[in-house]
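Right, one structure below, let's go through it.
Here, residue 1 is the first one in the sequence, and each next residue gets the next number. The shown structure was predicted, so the numbers you read here are calculated from the model rather than taken from an experiment.
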Amino acid sequence: MKILVFNAGSSSVKFGIFDTRIDDPRVVKAEFEHFLDGYCDLHFQLGGEQGETLHHRVKVTDVEHAIENIPNLLEQWGYDDFDAIGHRVVHGGTLLTAAVRIDNKTLSLIEDATPLAPLHNPANLSGIYLCQEIWPDKPQVAVFDTSFHQTIPEEAYSYAIPKSWRQLGVRRYGFHGTSHHYVALRVADALQTPLSDLRIISCHLGNGASVCAINHGVSVDTSMGMTPLEGLVMGTRSGDVDPGLFSFLSRHSGMSIEEIERQLYHNSGLKALGGSSDLRNIEQQAAEGSNDAQLAINVYAYRVRKYLGAYSAVMGGVDVVVFTGGIGENSATMRQRICDQLHFLGLSLDVNKNSSLQLSAFDSQLINHEISRIKVIVTRTSEQWMIAKEVQQHLESARLQENKDNCVIPVAVSARHVHLSRHAVELLFGKGYQLNVLRTLRQPGSWAALETVELIGPRGIISNVRILGPEREQTQIEVSRTDTFTLGIEAPVRASGKLDNTPPIRLRGPCGELVTRGMIVAARHIHMHSDDALAWGLNDGDLVDVELGEGERRTLFANTKVRVNGNFLTEMHIDTDEANAAGITFSTKGHLVNKQSDSIVTIVNKKQQTLK
């Protein structure tokens, strides 16, 4: 499938054509940037990564003017034949949470979200409207920067503001999701380690900049908030500021809210601190002795470093720090400034590797010292390639939506329970004790034991917690979010078996007590028989959306991981809190309506897979 991708940002327009069927998928790569005095730079590469990159200064005034020129360029280059169009859209608001086919309703919702991304959504919409006029018969799909961050927990995305405001959609959304998702998958591939086994901090540093905590494959926090204004210092955006400055500036300077907001978006960040929005200029001025430029660099590095420390705490540690984006990929001095004070985390940069780094496409390189506990990787992001793959996957998953009555998933409510190791059984029930089967469960080989235990936390006790068999290598306790408040212990949302950095909990049995780690809130998941996975075009590790009910009673369980095994009975498991929220009291049935794959990124140049 050949897909034309539009990536219109606040200060540049990237576009390209990707052929998802071949090893070198990038057919056309082009970008308009550096708009100044009625002209801009046009960079383009034809014929894949082996093609020559050409550079021209062209008479194009701004982002919208650039978009108007793209159809003529594609025709001139002889690449105007493609199957579908994918559009990067920065903000989807509360309702557009995954890639979606563009229609009038979608456009209306994107327009409604424009106040949340005033620099970006208008440019995104311009590209969509133009494509609709020129290619009305081509399927067009919107892919949202906010989608990857739908997994951020409520405590991370909620502002401490009146509930009526929160009900209006005032919350943290996060952005650069396509980039953060892509580089996380690249890191996992480069390290030959499952993404679900890694704690990654992704640093997308460019004219727009954000940091993302990716814990075992999902975004759990990110520096941007309700709008792309929060977080790091950026080219022209302020990043974090005290909201009290609005009333202060209004009282003391007479500025309107709109003018203050405009200044924070367009005349702040590196531009305000150092006189230029381009870090290359600022680094040159700093080397020449400019105090303002030196301050700009120090503030920029400090803000990134502060978020790195915070997200290490959020995830209970970090395995990989990855740099991407124009600054992240190209500024060795900024990478070193950010990393130099992180030795306490076990991060040690290799200065020679960092300073001599040369990246090529689809390339990832380690720049940490061999003694470093934390891996530090630099990789090129490819938001356009990721968008193309998400468009392809969305169009393919339309088959699930059209045939959802044939894609029925039984849904079961999983109550709190405990899986015990042999060591734990003997401590709680006595030497040589064997658990007794009370009843068999739906999953082959699984059973509920006659025996129960007590969970003891600093705030309370939960009694009669059922033990499930067979025994495991590690003790695992699965509870609901409400149970964690009863106990007074915060447990992470995890896939079964992912028990690192879980909190300690006391278990009491008739013959003794045991303090052990391993308590989690189990992430919703689907046990799927391999025959069903084959019939529905799914693979182990895919994420799917499951729809329950219809109309106003419709509930969508998004980002549900599929676990495929020939011994499984196909069934979705949710915890009691999710069941209560959806009004489910007994087993019910849902329908698969969408899918995305954790293997969505195919590393196309196999010869470049190995880290250098």
Side-chain angles (χ1 to χ4, degrees), residues 6-14 33 63 87-94 96-97 109-127 142-150 152 156-157 159 169-183 202-213 219 221-243 245-246 257-258 260-273 277-279 299-300 303-304 307 311 324-328 381 383 386-387:
F6 272 80
N7 184 354
S10 57
S11 60
S12 66
V13 180
K14 299 176 183 178
E33 65 170 352
V63 167
H87 296 271
R88 178 225 185 180
V89 179
V90 166
H91 214 308
T94 57
L96 297 172
T97 59
L109 291 172
I110 294 173
E111 289 170 351
D112 289 345
T114 293
L116 299 172
L119 284 187
H120 299 84
N121 274 27
N124 305 151
L125 285 165
S126 294
V143 177
F144 300 93
D145 269 19
T146 47
S147 296
F148 180 58
H149 303 302
Q150 292 300 311
I152 291 177
Y157 72 65
Y159 292 118
V170 179
R171 50 157 287 182
R172 303 182 71 248
Y173 292 92
F175 302 91
H176 292 140
T178 306
S179 174
H180 290 305
H181 191 187
Y182 176 85
V183 299
S202 170
C203 303
H204 179 110
L205 308 181
N207 191 60
S210 66
V211 179
C212 182
S219 171
D221 207 346
T222 189
S223 56
M224 285 180 169
M226 184 182 80
T227 72
L229 191 58
E230 187 179 351
L232 304 180
V233 172
M234 293 168 250
T236 64
R237 281 171 266 169
S238 63
D240 292 336
V241 295
D242 185 339
L245 70 79
F246 280 88
I257 291 175
E258 290 77 13
I260 297 169
E261 183 181 51
R262 192 185 74 80
Q263 293 291 334
L264 292 175
Y265 268 107
H266 296 281
N267 293 309
S268 297
L270 291 175
K271 181 179 180 181
L273 291 169
S277 61
D278 192 323
L279 183 66
V299 172
Y300 190 100
R303 191 72 62 86
V304 177
Y307 270 98
Y311 288 167
T324 194
I327 294 173
T381 190
E383 293 169 285
M386 192 71 178
I387 290 167

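Between T324 and S179 there is a side-chain heavy-atom pair separated by less than 4.5 Å. For the pair D240/E230, a side-chain contact is recorded, criterion being any heavy-atom separation below 4.5 Å from C-beta on. Side-chain atoms of Y300 and L273, non-hydrogen and from C-beta on, never get closer than 4.5 Å to each other. Residues M224 and H204 have side chains not in contact (no heavy-atom distance under 4.5 Å, counting atoms from C-beta outward). The side-chain heavy atoms of S219 and H180, taken from C-beta on, include no pair separated by under 4.5 Å. Looking at M226 and L116, their side chains come closer than 4.5 Å, going by heavy atoms from C-beta outward.
Among residues two or more places apart in sequence or in another chain, the side chain to side chain contact (heavy atoms under 4.5 Å, CB included) test is passed with L245 by V241, L249, I260, L264. Scored by the side chain to side chain contact (heavy atoms under 4.5 Å, CB included) test, S223 finds S210, V211, L232, Y307, Y311 as partners (sequence neighbours excluded).
Considering every non-hydrogen atom in both R237 and N207, the closest pair reads NH2-O, 4.2 Å. Between V304 and C203, the shortest heavy-atom contact is CG1-SG, 4.4 Å. Listed here is the closest heavy atom pair of A113 and G92: CB-C, 4.2 Å. The two atoms that bring Y265 and P228 nearest to each other are OH-CD, 4.0 Å, heavy atoms only. Pairing each heavy atom of P118 with each of P115, the nearest pair is CD-O, 3.5 Å. In terms of heavy-atom proximity, H149 sits nearest to C212 at CE1-SG, 3.7 Å.
Rounding to the nearest 0.5 Å places OG1 of T227 at 11.5 Å from CG of N121. The CZ atom of F144 sits 4.5 Å away from the CD1 atom of I110 when rounded to the nearest 0.5 Å. One distance of note links CD of E261 with NE2 of H266; it measures 8.5 Å at 0.5 Å rounding. L125 contributes atom CG, which lies 13.0 Å from atom NE2 of H120 (distance to the nearest 0.5 angstrom). Rounding to the nearest 0.5 Å places CG of L229 at 10.0 Å from CZ of F175. The NZ atom of K14 sits 8.0 Å away from the CD atom of E33 when rounded to the nearest 0.5 Å.
A donor-acceptor contact shorter than 3.5 Å links the side chain of S268 to the backbone of Q263. When atom types are taken as modelled, the side chain of R88 and the backbone of N124 share no donor-acceptor pair closer than 3.5 angstrom. The closest donor-acceptor contact from the side chain of R172 to the backbone of T222 lies under 3.5 Å.
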Problem set entry | Pair H91-T146, side-chain hydrogen bond (donor to acceptor under 3.5 Å, both in side chains): steps then yes or no | CA-CA 6 Å; H91 214 308; T146 47; 4.9 Å; no

